[in-house]
Amino acid sequence: MADRHDPTELIADPGVLEASPLLELGGWRGVEQREGVCILPWRADWLSARARKLEAYPDAESLGPEPFNQALVHLQKSRDATWNDLRTAWQRLETGGRLLFCGGNDLGIVSAVKRLARELDQAPQILSNRRRARIVSFERPPNPCLEPTAPDTHRLCLPWPGGDPLEVEAAAGVFSARKIDSGTEMLLSALRDHGGKPDTIFDLGCGIGCLGLVALKQWPDAQATMADGDARAIASAERNAQHLGVAERCRIIWWDAREAFPDQAADLVLLNPPFHTGRAVDLEPAREMFKRAGESLRPGGTALIVANRTLPYERDLEAVGRLQTLTESRHYKLLSLRRRSRSSSSSKAHSPGRRSSGRS
Ligand SMILES: C[S@@+](CC[C@H](N)C(=O)[O-])C[C@H]1O[C@@H](n2cnc3c(N)ncnc32)[C@H](O)[C@@H]1O
């Protein structure tokens, strides 16, 4: 958030916020200045807000019924996620309430505001426009017949060697919501060839659950812990686990990679790690996940990791186990990490404390 052209700086400009409590979606800087509530599906943001003693929830379902007089939506990289937030904010406003929309030119705030103006059939009021960012407002009329167009949940088919492809859902705006990621597909084919019979599987950065859920179908006696930092993805993963009949055998948690992992001792860890935070390349969450994988593997256990070929993960992975490249394609590489034997890792092994990181 300390970016040189951080659009959230504009929130403090005169005339942007009124004195009344604010509903804020996708950020918390406004609620820090006024009372109110923020909706933060990314656990790292939610943790930051809670550390500042702000009222924060992962989704809007946790809100009470009272409408707000002002709601602020942050433009995100995902248009679908942004439009979902705009619709939620619009529906939560009282008549005459203001919908504030904030973002930087780099993410396309100008075209996003034009689209919203068309959908609401209303000219925006520009409240602040500087430092390559802007905040605009729209007013909610009595009984509005228009609202921001909310994107649909997507339906996808997961390849599964044991039978017909598995149908899953992906909430709009989550990772690879419209199409199964090619890296995910590569790891899924490695699952088919994986010789072991794991009892305990961890899927770190599980998204909508593609890897962990197929693994549970493949090994009907296995249990899985699946974790992701995006509450929208977690909600889809929970519904997918129910739909595929494996919910009893998995624990799905809202977890940020910088937190300790609440379970230990996996036979198989599945990893298709993130390498972006917002638009910026950020390898830190992946590195944290590698550490968690190293800490969690039982002696003899394996982590399967898929990554873009160009990403320099080898050194980090070699620090936590024995690394092998299983396959490479034009764009991806598939790596296998085996935990070092106890004697070589014993004194440095770190056991994370058990801590609840379930959705709150
Ligand atoms: C490349 S996607 C893989 C998703 C899924 N495993 C698959 O293969 O389809 C990486 C996942 O990591 C999650 N993620 C990103 N940053 C995270 C963080 N700091 N902590 C936990 N999960 C994170 C994203 O929400 C995303 O679902």
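Just so you know, residue 1 is the first one in the sequence shown, and it goes up from there. FYI, side chains are in, hydrogens and waters are out, and symmetry mates aren't considered; it's all heavy atoms of this structure. Just so you know, ligand 1 is whichever comes first in the structure, and atom 1 is the first atom listed for that ligand.
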Item to check | Passing option when Asp80 is tested against Arg178, Arg232, Arg87 for salt bridge (Lys or Arg N to Asp or Glu O under 4.0 Å) | outcome: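 The single option meeting the salt bridge (Lys or Arg N to Asp or Glu O under 4.0 Å) with Asp80 is Arg178.
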
Any atoms of ligand 1 less than 4.0 Å from a non-hydrogen atom of [X]? List them with their elements.
X: Cys206; value: 5 (C), 6 (N)
X: Asp230; value: 25 (O)
X: Trp255; value: 20 (N), 21 (C)
X: Met289; value: 21 (C), 22 (N), 23 (C)

With backbone taken as N, CA, C and O and side chain as the heavy atoms from C-beta onward, which portion of [X] lies under 4.0 Å from ligand 1: side chain, backbone, both, or neither?
X: Arg43; answer: neither
X: Leu211; answer: side chain
X: Pro273; answer: backbone

Flag, side chain of [X] to backbone of [Y], donor-acceptor distance under 3.5 Å:
X: Asn240; Y: Ile208; answer: yes
X: Lys291; Y: Ala257; answer: no
X: Arg309; Y: Ser329; answer: yes

Next on the checklist: Does either side chain, that of Gln91 or that of Glu147, offer a donor lying less than 3.5 Å from an acceptor on the other one?
Outcome noted: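 Yes, side-chain donor-acceptor contact under 3.5 Å.
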
Checklist entry - Parallel, tilted or perpendicular for Trp255 and Phe261, by the 30°/60° rule? => result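 Answer is perpendicular, since the angle exceeds 60°.
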
What protein heavy atom sits nearest [atom], and how far away is it?
atom: atom 22 (N) of ligand 1; result: Gly229 N, 3.0 Å
atom: atom 4 (C) of ligand 1; result: Gly205 O, 3.3 Å
atom: atom 16 (N) of ligand 1; result: Pro274 CG, 3.6 Å
atom: atom 19 (N) of ligand 1; result: Asp256 OD1, 3.0 Å
atom: atom 20 (N) of ligand 1; result: Ala257 N, 2.9 Å
atom: atom 13 (C) of ligand 1; result: Asp228 OD2, 3.2 Å

Checklist entry - Quick one: does Val214's side chain get under 4.5 Å of Leu191's, heavy atoms only? => result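 The answer is yes, as the side chains (C-beta and beyond) meet within the 4.5 Å cut-off.
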
Checklist entry - Under a 4.5 Å cut-off applied to non-hydrogen side-chain atoms, are Lys217 and Val246 in contact? => result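 Yes - at least one pair of side-chain heavy atoms lies under 4.5 Å apart.
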
Checklist entry - Does ligand 1 have an atom under 4.0 Å from some heavy atom of Trp42? => result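 Yes; Trp42 lies near enough to ligand 1 that a heavy-atom distance drops under 4.0 Å.
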
Next on the checklist: Looking at ligand 1, would Arg258 count as a contact under a 4.0 Å heavy-atom criterion?
Outcome noted: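 Under 4.0 Å: yes for Arg258.
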
Next on the checklist: For Arg115, is there an ion pair with Glu119 - N to carboxylate O distance below 4.0 angstrom?
Outcome noted: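 Yes.
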
Checklist entry - Nearest to atom 9 (O) of ligand 1 by heavy atom, Thr184, Val168, Asn272: which? => result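 Checking each option, the heavy atom nearest atom 9 (O) of ligand 1 is found in Thr184.
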
Checklist entry - When Leu304 is tested against each of Asn272, Leu268, Leu271, Leu335 for side-chain contact (heavy atoms from CB on, under 4.5 Å), which residue passes? => result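 Going through the options one by one, the only one that passes is Leu268.
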
